[in-house]
Amino acid sequence: MPELPEVETVVRDLRPALVSRRITSVQHSRQKLRYPWQPRWNKHILGMLITAVRRRGKWILVDLRGNPASADLPLLRVHLGMTGQFTVVPGNTPQPDHVHVAFQLENGQELRFRDPRRFGRVEFFTHGGEVEAAMNAALGPEPFDIPADYFHDRVRNSQRNLKALLLDQTIIAGVGNIYADEACFRARLHPARPGQSLQAKECDRLRQAIETVIQRAIDRRGSTIRDYIGGSGLRGQFQNELAVYGRTGKPCPVCQTPIACRRLAGRSSHFCPTCQR
DNA sequence: CTGTAATCCTGCGAGC
DNA sequence: TGCTCGCAGGATTACA
């Protein structure tokens with residue numbers, strides 16, 4: 001499940017391969033994504049130059065420049081959903097199943113969006129600035145610079161449990177099920193605790209744990225549980241270092257108590273009943 | 001303001 | 001061995 005570390009890895013892989021490249025053609029499958037690629041976007045994007053590849057939360061942003069350049073800031077916005085893969089390969093690489101959009105580049109490389117479960121999306125906007133402003137308004141800060149007083153306010157004034165708070169993209173952008181569970185474990189906090197039950201010290205421990213877990217996962221190129229691969233097709237490595245996620249019944253790495261699994265905020269939530277209070 | 005659940009979808013693994 | 005079925009969950013929407 002691509003969360004911030006996985007998306008960041010894709011962006012870092014794609015950036016050197018895409019920036020300063022021109023899009024020479026586009027293909028899309030007839031199979032409909034949840035938010036389908038619109039065929040009318042093809043003629044807009046043809047010949048455009050890729051000027052930057054960025055990330056915000058779990059969103060991938062590809063900045064484009066038309067010829068002639070305009071003030072419109074055309075933008076390609078991609079979300080990997082559950083099983084999305086966004087990779088650059090040589091154009092003659094055989095097409096696997098479930099490739100929904102493919103962009104050919106002038107250097108013979110091909111940018112492919114593949115997504116077996118079709119939860120993902122690839123969208124084009126002629127006026128990217130407005131879209132990005134709206135997106136930013138709906139997203140909380142990145143995990144690396146969560147203001148302590150902001151986090152304190154959002155968490156300690158809420159009756160929602162920690163799991164729900166961490167999954168809420170308007171509070172922090174980029175955390176999903178895996179890293180929410182891992183952050184709670186690292187902070188030694190039970191994911192079912194209501195936000196308002198946290199002491200200031202605990203709240204800060206959680207904020208720190210989120211940052212640390214996300215950073216370490218980025219360092220290991222994310223977690224490949226099943227489908228995730230980076231922008232150059234490589235698997236992640238952080239799945240080998242997960243303490244609780246997907247480890248139901250296995251011993252806690254700290255105290256050996258079997259890891260428990262419960263549904264919280266509609267998601268399976270893994271935690272150590274002994275370490276996490 | 002909350003929480004819960006349905007929706008989209010395919011592949012996999014548990015269980016029989 | 002082969003089949004069915006439940007589950008995995010990011011974001012959005014609906015509804016209690």
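Residue numbers begin at 1 in each chain, while the letters A, B, ... track the order of the sequences.
Residue H98(A) places no side-chain N or O under 4.0 Å from the OP1 or OP2 atom of dC9(B). Between R263(A) and dA8(C) there is a side-chain N or O to OP1 or OP2 distance below 4.0 Å. Between Q159(A) and dC1(B) there is no side-chain polar atom (N or O) within less than 4.0 angstrom of OP1 or OP2. Proximity of Y228(A) to the phosphate of dG9(C): no side-chain N or O atom is located under 4.0 Å from OP1 or OP2. Distances shorter than 4.0 Å separate some side-chain N or O of S268(A) from OP1 or OP2 on dG9(C).
A donor and an acceptor atom never sit less than 3.5 Å apart when one is taken from the side chain of R118(A) and the other from the base of dT10(B). Within 3.5 Å, a donor on the side chain of R267(A) pairs with an acceptor on the base of dG10(C), or the reverse.
Taking atom CG of L264(A) as the reference point, atom C1' of dG3(B) lies 12 Å away to the nearest angstrom. For K163(A) and dG9(C), the NZ to C1' distance is 10 Å, given to the nearest whole Å. In this structure, the CD1 atom of I60(A) is 16 Å from the C1' atom of dA11(C), given to the nearest Å. Whole-Å rounding puts the M135(A) CE to dT12(C) C1' distance at 16 Å. Distance Y245(A) OH to dG10(C) C1': 12 Å, rounded to the nearest Å. With rounding to whole Å, L166(A) atom CG is found 17 Å from dA11(C) atom C1'. The distance from atom CG of D115(A) to atom C1' of dG10(C) is 11 Å, rounded to the nearest whole Å. At whole-Å resolution of the value, CD in E3(A) and P in dG9(C) are 9 Å apart.
Ring pair F103(A)/W37(A): centre-to-centre distance below 6.0 Å.
Taking the six-membered ring where the residue is Trp, F271(A) and H190(A) present tilted rings, their angle falling between 30° and 60°. Ring planes of F113(A) and F86(A): perpendicular class, angle over 60° (limits at 30 and 60°).
With centres under 5.5 Å and a plane angle under 30° as the test, the ring of F119(A) is not stacked against the base of dA11(C).
The 5' end of DNA chain B is approached more closely, in terms of each residue's nearest nucleotide, by R117(A) than by the other of R226(A) and R117(A). Each of R160(A) and P116(A) was assigned the nucleotide of DNA chain B with the nearest heavy atom; the assignment lying further toward the 5' end belongs to R160(A).
For R156(A), the CZ atom sits in a packed shell: over 12 heavy atoms of surrounding residues, nucleotides or ligands are nearer than 6.0 Å.
Distances from the side chain of R121(A) to the nucleotides dA8(C), dC8(B), dT12(C) place dT12(C) closest.
For E3(A) (side chain) and N177(A) (main-chain N/O), a donor-acceptor pair under 3.5 Å exists by modelled atom type.
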